[in-house]
Every structure is written in structure tokens, then in C-alpha cells.
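Shown next, in C-alpha cells, is the structure this report addresses.
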There are 2 protein chains.
Amino acid sequence: MNQKQPTSRIFKNEIYGQLARIGKAISSPRRIEILDLLAQGQKSVEVLARETGMSIANVSQHLQTLLDARLVRYEKRGNYSYYRLADESVSDFLVAMNLLAENRLADVKHIRQEFYSKYDETDPIELDTLIDRIENGDLTLMDVRPRDEYEAAHLPHAVSVPIDELEKHLSHLPKDQEIVVYCRGKQCVYAVQAVRQLRKKGYQAYRLEEGIQEWKYRNRPIETNQ
Amino acid sequence: MNQKQPTSRIFKNEIYGQLARIGKAISSPRRIEILDLLAQGQKSVEVLARETGMSIANVSQHLQTLLDARLVRYEKRGNYSYYRLADESVSDFLVAMNLLAENRLADVKHIRQEFYSKYDETDPIELDTLIDRIENGDLTLMDVRPRDEYEAAHLPHAVSVPIDELEKHLSHLPKDQEIVVYCRGKQCVYAVQAVRQLRKKGYQAYRLEEGIQEWKYRNRPIETNQ
DNA sequence: TTACCATTCAATTAATTAATTGAATAGTTT
DNA sequence: AAACTATTCAATTAATTAATTGAATGGTAA
């Protein structure tokens, strides 16, 4: 029956239709992973494909969806399209979603715990408790993300040792102080792998669970080389 | 080709699969509307169906999806199932999504502006600027939501005049002070309708855009009659 | 016990979405 | 000009999702 809907019903349908654009954009695991990667800095389609294991065409399709939802933007330089998060509010929203998922979905905690326990990991530590010691030179804060991500933004006082260069540094690090390692955040495995390698060489190393995204979310200062 | 995936890829796929449960839950305009209603207090399936214009079976289907994503919970009392938001973090997340949508989607602002302009509305006002005047008895803060929502939680110093009872009150209100009206928030039309009716009778009435959800999100105190 | 009520379940249909594959496009290099 | 490169587009296929309809379930009232 084609009954006329009241203005308020039409208004609500339109508004909720718009809000659902955000929901649809993040209903795909693939697009959430892409967004998480972009939270660390701009990336090309090719780089996103390699990092996620998806085909280039598939990544491009997903990026079009994210563009349509206004969560990302891009600039072309030559053959390359460099994508980035549309603005900081997108990153904040991703952190909020992570917090909700951790809070509500037992599976999230379980999957993380099971994965990290394979590395015989102690619990991660929190940056707040360390900031004084880092400033005093008491310990080393190590960023093991790709260097371009470090250059884009990093935690204060962090040194950059990309995971694929760690091997070369294993004999050159100061042995007399603890090393705290971080990477892209809770969905990234670089830090846990780096801690394992460092401990194998006798260093006192620990994993920091937070990355720059969580840090920005809490309005803490970030350093950049740009 | 059935190539073995590294442990880290499996881990990421599992974690992002979990995060996508949240995204999928809110990818439907219908489910977002249901969540927004539940942010105002517990409701039965029948009430949700009436408020949203959906069939009871359809509401129930959507609620099962939200249950599966752990965003809602319910208790049965006799024939009735009373649904509510799983906890406060769900409400916070909904507010964050709203903020993001407003920030990113020009259509959201546009749809709201177009709708409210039909009511010849002035811009809404903010509670922060009013709190002193309300406490001094200078103006009246009026909650026009259904009374059970008011009882569940309301802004400090608010009086309850459900929209469908406003007609009866139109001759009894103090004429010498301004009236500030609020309802469920930015997706609700009760406040704008109430302001229109009040102005027609000569009252100085204004619409408050925020509701209890935004207020709680900013960690401001809420009153309850429960 | 029977009738009524609110809700959930199941089957169906239509619409939407995700990944793949190959073509098309636009910029760069030779 | 031709070849190469990164990316986007379009068509296809399979899977998933949303709404409807009617049956089933469990609690209450008569």
C-alpha cells in the first residue's frame, strides 16, 4: 500500500541512510585493515595491496568505497595515487571502534591473547608509566614500523629501527638499558616479533601495545619529521 | 593456489573479521535507528516497531543481528522482551559515529538544515551556556520525550512534558521565562515540533540540539528517576 | 484446556556486496 | 612512437543481506 509517509519519517530515513554510509564502509574486514594502515601515513595502492595480501584491483575497489564514504582522500603523483585518511576524526573513530570491539567482543581479546601467547609474551606495558624514564635516557623507545611511517609521525623520543633492519642493529644497541618496542598498534605483529628477536640476543625488551593512533586519540603529543 | 598463509596474516584476518562485526551491525540504517532509540532507555520489540515503522518480525531480525554483535542485550518479562544497549560504550560509539558523519558527509548537514528550515527554525542552542540560568530558575528546560525515557535518564533540572501531552500544557506554562526544549537528539523531530507549537502560543521557545546521549558522552551529569 | 498475545524462526525473493579477470586509462620511460 | 607502469573500470560469479510472509514458540488470561 503506497501510503504517504510523514515528513519526519522521510527525514529519519534520509539521516539514517547517511549514517549507514559510515557503517557500510567499515562492514568489510578488508576496508578496516586498509584504514588502519592509512592511519600510519599515506600509501599507494600497490603498497596497500602488498601489506594486505589483496589484489591491486580489489584494493582499488575498496578505496573507491571508502572515498565514497568520505573516509579517505588521495592525490595523484605521476602514475601513483597516494591515499590517506580524510582527516583526524576518521582515526579517532577507528580507535573508538576498536575500544568498543575490545569491550564487547570476547573473541577479540581471545584471538589477541592466543596469538601473543605463541610468542611467549608477557603483558604489554603502557607508555604513561615510561615517559619519565625515556626522557631521562633510562630506556630506549623503539619504533619498528617502516621508516616512512616513522617520518610521518612517531611517539616522542622514539628511535626508528624498521623491523626488516633490526637484524643489522642487534649487536649495536646499548645493553645496559631496557628497550620498549612499538609498531602500528594492536593489530600489528612487528613489535611482538621484534621483542622476540631482541630477547634472543639478551636484551631486556618489552612490547608497547599502543601506537601513534591511540596516542593521538588521547590528545598526547606526537613528533614528526615532516 | 592453496598457499599457506603466515600466522600473522591469519591473526590479522581474524582480528579484522571481528572488528567488521561492529561495522556490519551498523551498516543498516534500520539498525542504527533501533540503537538510537535504545540509547534513550529499554524498549520492547513492539514499541521499536511502532517508532521505526518496521514490522515486528523485521525489528526482531535486526535485534538478533545486534545481539550477535553484542551491542544490545535483553530480558524477557512475560510475553515481552525488553531490549537495551549492552552498555555505555555502545552509546559513546554511536555518538562518535554521528560526529564523524557530520564532519565528513556534507549530505548529513544538508538534510538536517533542509528539514529544520521547513520549521522556520533558528539555530539550536547549547546547554553549556544555559546551565546557570536553569539553576537560577531563569528559564525552563523541557524534555518532550515519552515519559519512560525521561524517567530512565534526563538532563539536570529538566521537566517532563511528553510531546503528545504538550497541547494540554500550552496554557499553563510560565509566560515570563524562556523555554528550552530537547528530545532524543539530532535525529529526533519532537523538539522542533514542540518549539513550533510553543511559539504559536506566544512562548519564547528554543530548541536544544543535544540530548542525553551527547551529554553523557561529554561526561556531564545525568539525572534519573530510577 | 483453550484462546490470545508478543516474539522468534524459517523459507523465499530480490537486492546488494566481494573478489576475480581482463580491458581501458593515463602517466612515464625508452 | 612504442613499450611499460600503476591504477581504475566493467562484467561476471558467488555469497551475503533485507524484507516479507506464515509457522512455531512460550507466556498469560479466561
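Convention: sequence-line order gives letters A, B, ...; per-chain numbering from 1.
Within residues 19-37 of chain A, the residues approaching DNA chain C are A/Lys24, A/Ser28, A/Arg30, A/Arg31, by heavy-atom distance under 4.0 Å. A heavy atom lying under 4.0 Å from DNA chain C marks the following residues of residues 64-83 of chain A, by number: A/Gly78, A/Asn79.
For A/Leu63 and D/dT8, the CG to C1' distance is 11 Å, given to the nearest whole Å. Spacing between atom CD of B/Gln61 and atom C1' of C/dC9 amounts to 8 Å, rounded to whole angstrom units. Counting to the nearest Å, the P atom of C/dT17 and the CG atom of A/Asn58 are 15 Å from each other.
In the model, A/His62 has a side-chain atom that pairs as donor or acceptor with a side-chain atom of A/Arg31 under 3.5 Å. Remark: the A/Gln197 side chain and the A/Glu167 side chain contain an N/O donor-acceptor pair separated by less than 3.5 Å. Side-chain contact check for A/Arg21 and A/Gln18: at least one donor-acceptor pair (N or O, by modelled atom type) lies under 3.5 Å. Side chains of A/Glu114 and A/His110: a donor-acceptor N/O pair is present below 3.5 angstrom, by distance only.
Both A/Ala57 and B/Glu46 sit near DNA chain C, but only B/Glu46 has its closest nucleotide nearer the 5' end.
Note on ring orientation: taking the six-membered ring where Trp is involved, the planes of A/His154 and A/Tyr150 are parallel (angle under 30°, cut-offs 30° and 60°).
Remark: B/Arg84 is not positioned above the aromatic ring of B/Tyr74, lacking an NZ or CZ atom under 6.0 angstrom from the ring centre and at most 45 degrees off the axis.
With axes fitted over five pairs at each extremity, the angle between the ends of the helix from C/dT1-D/dA30 to C/dT30-D/dA1 is 20° (10° resolution).
Checking the phosphate oxygens (OP1, OP2) of D/dA19, a side-chain nitrogen or oxygen of B/His62 falls inside 4.0 Å.
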